[in-house]
Amino acid sequence: MYLIFRCDCGRGMYAKEGVATRKCVCGKTIKVKTRRIIKKVEDYQTASDEVRDLQEEKYGGTFFTTADKVKK
């Protein structure tokens with residue numbers, strides 16, 4: 001079972017149930033036990049997809065472009 005939650009910075013994260021801490025890319029170490037759990041899922045593929053959906057919900061979809069098309 002995997003738990004899905006957010007860091008204080010807003011990033012969606014997941015951790016296996018029973019794990020005590022998880023480190024976010026922002027540098028914070030998060031105690032999983034104290035977090036509000038958004039969802040529980042069975043496997044890591046589903047957890048990864050759910051976190052991706054959370055990120056897209058907050059920041060929008062991902063896109064790639066070339067440097068010459070970036071607005072200055």
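- Nearest approach of Lys58 to Cys9, heavy atoms of both residues: NZ-O, 4.4 Å.
- The shortest side-chain heavy-atom distance between Asp8 and Arg35 falls under the 4.5 Å cut-off.
- The hydrophobic cluster containing Ile30 also contains Ile37, counting ILVMFWY residues as joined when their side-chain heavy atoms lie under 4.5 angstrom apart, directly or transitively.
- Tyr44 is connected to Ile38 through a chain of hydrophobic side-chain contacts under 4.5 Å among Ile, Leu, Val, Met, Phe, Trp and Tyr, so both are in one cluster.
- Hydrophobic cluster membership is shared by Leu54 and Tyr14, with clusters built from Ile, Leu, Val, Met, Phe, Trp and Tyr side chains linked at under 4.5 angstrom.
- Nearest heavy-atom pair across Arg6 and Gly12 is NH1-N, 4.0 Å.
- In this structure the side chain of Tyr2 never reaches within 4.5 angstrom of the side chain of Thr46, judged on heavy atoms.
- Rounding to the nearest 0.5 Å places CE of Met13 at 10.5 Å from NZ of Lys23.
- By the rule that hydrophobic residues join a cluster once side-chain heavy atoms approach within less than 4.5 Å of another member, Val41 and Leu3 end up as members of separate clusters.
- Side-chain contact between Glu42 and Met1 is present, with heavy atoms from C-beta onward closer than 4.5 Å.
- If you take CD on Glu57 and CD on Gln55, they are separated by 10.0 Å, rounding to the nearest 0.5 Å.
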